[in-house]
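All values below come from the heavy atoms of this structure, side chains included, with hydrogens, waters and symmetry mates left out. Order of the sequence lines sets the chain letters (A, B, ...), proteins ahead of strands, with each chain counted from 1.
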Amino acid sequence: MQLLKQQILPLVEEAIASLGKTNLPVENMLQPSRELDQGDLTLPCFPFAKVFKMPPAAIADALASAIPEHEALGEVLATNGYLNFRISPQWLASQLLEGAMDTIHEVSKRSVLIEHTSANPNGPFHVGRARNAILGDTLVRLHRLWGHEVTAEYYVDDMGKQVAVLAWALEHLSQTDVESLLHDREASNPTWEGKADHQRVRWYQAAQKLRQDEDEAPAIEKAIGELVHASENGNEDVLQAFEDAYQPVLDGMLETLGRLGIQFDRFTKESRFVTNGDVGDLMDELGALEINGVADNGAQYLDLGARGLKGKTEFFYRRGDGSSLYATRDIAYHRWKWSMSNELINVLGEDHKLQAQQVGLTLEELGQERPEVVFYSFIKLPEGKMSTRQGNVVFMDDLLEEAKAQAAKVVSELRPDYEQETIHQIAEAVGTSAVRFNIINVSPEKGFSFRWEDALSFESGSAPFIMYSHSRACSIHRRVSSLKASDVDNGLSIPDELPPGLVDLLRVLGRHNDCLRKVVHEHRPHLFAEQLLHLANGYNAFYRDCYIIDEGKVNQFFYQVSELARSVLRKGMVGLGITPLETM
RNA sequence: GGGCGUGUAGCACAGCUGGAUAAUGCACCGGCCUCCUAAGCCGGAGAUCGCGGGUUCGAAUCCUGCCGCGCCCGCCA
């Protein structure tokens, strides 16, 4: 808890100096207490044992009696060799109500470019692919909450084989061809009939199937190869045909993301770096590097083994025919990104780890920094891997519909008096928020299993739990606002005795910005999800212990605390992409 | 075969820049609506932290060797 640490660090350092030593790394050792019932900050005294030639417990005792009284300190207790500091709840309350939470953000404003999602525009999002978007968008929101200037960017893969396949299929296959090729597959869900991502992915899948066919394949491969080649040489007609093929698909995908509250500030097309000459210049520069190598057919690569890469060390950036590769364009893209921002963050699936290494090492070779990368593992289904080919995927659109339907069922049971329109609004907010939370709640590097049961859980440990606490605070706000001024006690005095639920809430609030700081710097949004759960939990306990409106009179102190919690909850929810409903 | 990641209660997961009784949710058992929304609150039970060594006053956390799972090792994207 930084709030307390700032106050007492000098006291602790003096106390240690009084035992005869200075220059010990006290600042790092004074840490947030592991066990919250022990206190707020803890100084383990074991490492001091050798220095002072005393048992740790005796050191803790000596330090405890050497710490002077301080307004911020509730109690200082030495137990089992630990020196525990408990914050004064009254002091904490006064600090928080005076706006302590608004003032401790960093002064320097950074401009951060976060690239996420960047999925190939060839079909609808399934839950696995959507993890990228949810993670990325949450990072965008949390950085903004922290005060950074953020650009959210989608890198559009508008050239290369995947789009070529789609464009070829749309040009050469009729609807009848497609459906007969896919006769053994599940039909597409009629709900999404008007959505181009669900429609056109059938053409893509049909073409993929044809490419497996021995008789058909050679001619198709030749045609697609020509398209790819033309796109990589910047052929404008071909690029235009590609765009006509993928743009409706991309629009459909973005519609899904929009429902989740995910938006982008900029779309940058991959072909841009080919047509403007950046890729060509880049390849010339790479060719002049010391670690450059040339294959028999003229293809070029960098030997990154010389720069510490293990395994396969040759990184090819230029084909034998002189054209560029995906990673080459990615490097050109990164140099362009660096020209605009002082921090780059990419969100990538774990399958891109090697590629990210190659891009990063090459950027360093060119004298540029490497971007920070947040990798995530794939979401599995209980039946196994999520795979479009095998048909065992959960589409985001289907999940969102199901979540909304479940939520609507719960709302109409819980609030029978609500009108249909209200129920739908609440259900949409609850459904989308729950889906986001269920995914962001898990640390990115962990591959987790998607289960409908969890995704549609609206109880403790879910987004609706947080939303519910927030709506309680809103309800109180509305009631107080509607009271006559004479019923509101204007004096703000903090009582000597505070109920436990209130103290817990204050302490959660006191830790809130510590958590946000960590999350923003270490790119670990799941910890912020946990913090909001604690906050909601804390608010519920406070709500239980403290009657804000009692017998028609408002307790001003309680009300101020409730209002602070309401505001922190609301901002935090926005930070996670949870809709802050005022009633539910 | 090599590289990277992961393995924590029946299930799903926090904690992993070493610190005191391993946190949370689901499921399970018991209690709380004449009082600001019970999508809530309180209590209970449930864990050889994958297995074996090592470093340390102290290891879920660091090192090492096994084992399981995932991803990668294309002049694809």
J.: Would you please confirm or rule out a distance under 4.0 Å between OP1 or OP2 of B:G15 and any side-chain N or O of A:R524?
T.: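 So the side-chain polar atoms of A:R524 do come within 4.0 Å of the phosphate oxygens OP1 or OP2 of B:G15, strictly under.
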
J.: Any salt bridge between A:K553 and A:E551, counting N to O under 4.0 Å?
T.: no

J.: Does B:C41 have OP1 or OP2 sitting under 4.0 Å from an N or O in the side chain of A:N540?
T.: yes

J.: Mind checking A:A295 for me? I need base, sugar-phosphate or nothing, with any heavy atom below 4.0 Å counting as a touch.
T.: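 Base contact - A:A295 has a heavy atom under 4.0 Å of at least one base atom.
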
J.: Strictly below 4.0 Å: does A:K353 bring a side-chain N or O up to OP1 or OP2 of B:C73?
T.: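 Result: no.
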
J.: Hey, does the side chain of A:K310 come within less than 4.0 Å of B:C73's phosphate (OP1/OP2), counting only N and O?
T.: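 No.
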
J.: Mind checking who B:C41 pairs with, Watson-Crick or G-U wobble, both distances under 3.5 Å?
T.: B:G31

J.: Distance check: side-chain N/O of A:R544 vs OP1/OP2 of B:C42, anything under 4.0 Å?
T.: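 For B:C42, OP1/OP2 do have a side-chain N/O of A:R544 under 4.0 Å.
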
J.: OP1 or OP2 of B:G40 less than 4.0 angstrom from a side-chain nitrogen or oxygen of A:S460, does that happen here?
T.: yes

J.: Scan A:K518 against the nucleic acid and name what it touches under 4.0 Å (heavy atoms): base, sugar-phosphate only, or nothing.
T.: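 Since a base atom lies under 4.0 Å of A:K518, the category is base.
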
J.: Considering only the C1' atoms, how many Å lie between B:G58 and B:G65, rounded to the nearest integer?
T.: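 These two C1' atoms come out 24 Å apart once rounded.
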
J.: Would you indicate whether A:D417, at its atom CG, is surrounded by more than 12 heavy atoms from other residues, nucleotides or ligands within a distance under 6.0 Å?
T.: yes

J.: Between B:C75 and A:Y317, counting only base atoms on the nucleotide and side-chain atoms on the residue, is there a donor-acceptor pair under 3.5 Å?
T.: no

J.: Would you kindly check whether a donor in the side chain of A:N84 faces an acceptor in the base of B:A20, or vice versa, at under 3.5 angstrom?
T.: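 Looking at the base of B:A20, it does pair with a donor or acceptor on the side chain of A:N84 (distance under 3.5 Å).
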
J.: Roughly how far apart, to the nearest Å, are B:U64 and B:C75 at atom P?
T.: 32 Å

J.: What is the base-pairing partner of B:G70, counting Watson-Crick and G-U wobble geometry with both distances under 3.5 Å?
T.: B:C4

J.: Check whether the side chain of A:N297 and the base of B:C75 form a donor-acceptor pair under 3.5 Å.
T.: yes

J.: Could you check if the base of B:C33 is syn or anti? Syn means the glycosidic torsion is within 90 degrees of 0.
T.: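 Syn for B:C33; the angle stays within 90° of 0.
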
J.: Between B:C62 and B:G18, how far apart are the C1' atoms? Round to whole Å, please.
T.: 7 Å

J.: Hey, does the side chain of A:H526 come within less than 4.0 Å of B:G15's phosphate (OP1/OP2), counting only N and O?
T.: yes

J.: Classify the ring geometry of A:Y543 against A:Y539: parallel below 30°, tilted from 30° to 60°, perpendicular beyond 60°.
T.: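 Plane angle between 30° and 60°, so tilted.
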
J.: Over 60° means perpendicular and under 30° means parallel, so tell me whether A:Y154 and A:F267 are parallel, tilted or perpendicular.
T.: tilted

J.: Looking at every strand, decide which applies to A:S323 at a 4.0 Å heavy-atom threshold: base, sugar-phosphate, or nothing.
T.: nothing

J.: Under a 3.5 Å limit for both distances, which nucleotide forms a Watson-Crick or G-U wobble pair with B:U55, could you say?
T.: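 Base partner found: none.
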
J.: Should A:F46 be counted as stacked on B:C57, where stacking needs a ring-centre gap under 5.5 Å and an angle between planes under 30 degrees?
T.: no

J.: Heavy atoms under 4.0 Å, any strand shown: does A:I426 hit a base, just sugar-phosphate, or nothing?
T.: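 Contact class for A:I426: base.
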
J.: Considering just the side-chain nitrogens and oxygens of A:N537, establish if one lies under 4.0 Å of OP1 or OP2 belonging to B:C41.
T.: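 True: A:N537 side-chain N/O within range (under 4.0 Å) of B:C41 OP1/OP2.
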
J.: Report which part of the nucleic acid A:V430 touches: base, sugar-phosphate, or nothing (heavy-atom distance under 4.0 Å, all strands).
T.: base

J.: Please determine whether a side-chain nitrogen of the Lys or Arg among A:E27 and A:K5 lies less than 4.0 Å from a carboxylate oxygen of the Asp or Glu.
T.: no

J.: Check whether any side-chain N or O of A:R472 sits under 4.0 Å from OP1 or OP2 of B:A38, and answer yes or no.
T.: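 So the side chain of A:R472 is within the cut-off, an N or O lying under 4.0 Å from OP1 or OP2 of B:A38.
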
J.: Using a cut-off of less than 4.0 Å, is there contact between a side-chain N or O of A:R34 and OP1 or OP2 of B:U61?
T.: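 So the side chain of A:R34 is outside the cut-off, no N or O lying under 4.0 Å from OP1 or OP2 of B:U61.
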
J.: Between A:K50 and B:C57, does any side-chain N or O lie under 4.0 Å from OP1 or OP2?
T.: yes

J.: Salt-bridged, A:R451 to A:D454, with N to O below 4.0 Å?
T.: yes

